[in-house]
Amino acid sequence: MFGFLQGFAYGLFLSCLPWFLIGMLDPRLAVPTEPPTRWRAILRYWFGVPFVAFVLWLTSLWGGFSPSFLGWLTGLGALAVAVPAERWWHRLTRRRAHRRRRAITEAENRRARAEAERDAREAGLAELDPSRPPADADPVVHALCRAKQMLLDSERTDLAAQADRLYTRYRRVLDVLADKFDAREITFERSRAMVGQVGLSAADNLSAMGALAAGVVGIDTAYVRRRLAERSSRQVANERDALQQRLDLVADTERRLAELSAHNETAMTTLDNAVVVMSRVDTGRPQADVATDEALADLKRFMDKAERYGHTH
């Protein structure tokens, strides 16, 4: 053992010179750390590795002077194995550190985004970004995002703003529920389910509005009205009828959009009523169940109306 260690120390010491020369010519070949510079090569192969070899040689003298040929060969090739292995280890460490930093950054971004969304809701300014749903988005919020994107694609930003208003009220109701009730209570589950149904009904209306708006997005009403206003003698009756049919189609679509929009306004009023009623609830008093049942009754009445409304359209 001591003979092998002694031969290894001799071989390691002799290999320092060629690796030092390689480091002087091209530090990237001999220095596995970043950045690979000549100063690092000097410190490594003129001081660091020779000192290690010297310590190993002193240690091996305990067994006398008997260096082995196998140890000498191993020492000569040690750096040829150690440099690539150390380079691989540093790369692996850097990748792990990079992934860890990225995960921390993403977590901080999600936390900051959730706090900003919560602050926006508290200020009444919550706005949905369809391409980046909120961090705590549930199926209702995802449905609102999809519906808003459909309306934006149909160039109806005026109607798309309704998704933001619905989202603000929906989150406000959920915040009040979470504040007033324990998530394990039956009342919380009933209320959450009804609020979710109201939100999904409103999201369905918005999706229907997006589909309707997409159907007439290509009709240029200004051009149609200008052509009808010309009343040129060269216009044939068929052309005037076709132009008028386009206007009638747009008018009918706008009427149906107004009906759906009005139904969503009813949904928002229902959610506002639920917020007001549940905000007054003192869960430590006997009257709490009465107030909660009143809010649930409002939600139930809206859902019944929404179901009848859906059957008639």
Side-chain angles (χ1 to χ4, degrees), residues 1-121 126-139 141-142 145-146 149:
M1 178 63 185
F2 288 106
F4 177 85
L5 192 62
Q6 197 171 104
F8 181 85
Y10 282 123
L12 184 63
F13 183 80
L14 291 175
S15 66
C16 289
L17 180 59
W19 280 98
F20 171 76
L21 295 176
I22 293 173
M24 291 296 98
L25 294 175
D26 189 351
R28 293 174 299 178
L29 298 177
V31 179
T33 56
E34 294 292 338
T37 61
R38 289 183 172 85
W39 279 110
R40 289 178 180 266
I42 294 173
L43 292 175
R44 186 182 184 90
Y45 299 111
W46 200 254
F47 296 101
V49 178
F51 176 75
V52 172
F54 177 71
V55 171
L56 291 176
W57 178 75
L58 283 180
T59 305
S60 67
L61 289 178
W62 180 263
F65 184 78
S66 57
S68 69
F69 181 72
L70 179 61
W72 181 69
L73 291 178
T74 305
L76 285 176
L79 290 177
V81 175
V83 170
E86 188 177 351
R87 184 178 291 116
W88 171 82
W89 173 254
H90 284 302
R91 289 175 179 173
L92 179 63
T93 304
R94 285 196 299 270
R95 283 197 298 268
R96 287 179 177 175
H98 176 70
R99 285 196 297 267
R100 185 166 54 251
R101 288 194 300 269
R102 185 172 61 184
I104 293 174
T105 301
E106 290 177 354
E108 291 178 349
N109 290 338
R110 285 195 299 269
R111 183 167 58 253
R113 187 176 162 199
E115 291 178 355
E117 290 164 357
R118 185 172 59 252
D119 294 342
R121 289 198 300 268
E127 183 176 351
L128 283 174
D129 183 356
S131 62
R132 296 179 61 192
D136 56 348
D138 57 13
V141 178
H142 282 295
C145 286
R146 289 192 297 270
Q149 187 62 60

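All of these numbers come straight from a predicted model, not from anything done at the bench.
Residue Arg91 holds its CZ atom at 15.5 Å from NE2 of His98, rounded to the nearest 0.5 Å. One finds the OH atom of Tyr45 at 12.5 Å from the CG atom of Leu17 (value rounded to the nearest 0.5 Å). A distance of 9.0 Å separates CZ in Arg100 from CZ in Arg96, rounded to the nearest 0.5 Å. Distance check, rounded to the nearest 0.5 Å: CH2 of Trp89 to CZ of Arg94 gives 12.5 Å. Taking CD of Glu108 as the start and CZ of Arg101 as the end, the distance is 12.5 Å to the nearest 0.5 Å. The distance from atom CD1 of Ile22 to atom CG of Asp26, rounded to the nearest 0.5 Å, is 9.5 Å.
The side chain to side chain contact (heavy atoms under 4.5 Å, CB included) test with Val31 is passed by exactly one of Glu86, Arg40, Arg87: Arg40.
The two atoms that bring Asp129 and Cys145 nearest to each other are O-SG, 4.3 Å, heavy atoms only. Across all non-hydrogen atoms, the minimal contact from Pro32 to Ala30 is CD-O, 3.5 Å. Smallest separation of non-hydrogen atoms from Arg38 and Met24: NE-O, 2.7 Å. Nearest heavy atoms, Pro133 versus Pro130: CD-O, 3.9 Å.
For the pair Ile42 and Phe47, the minimum side-chain heavy-atom distance is below 4.5 Å.
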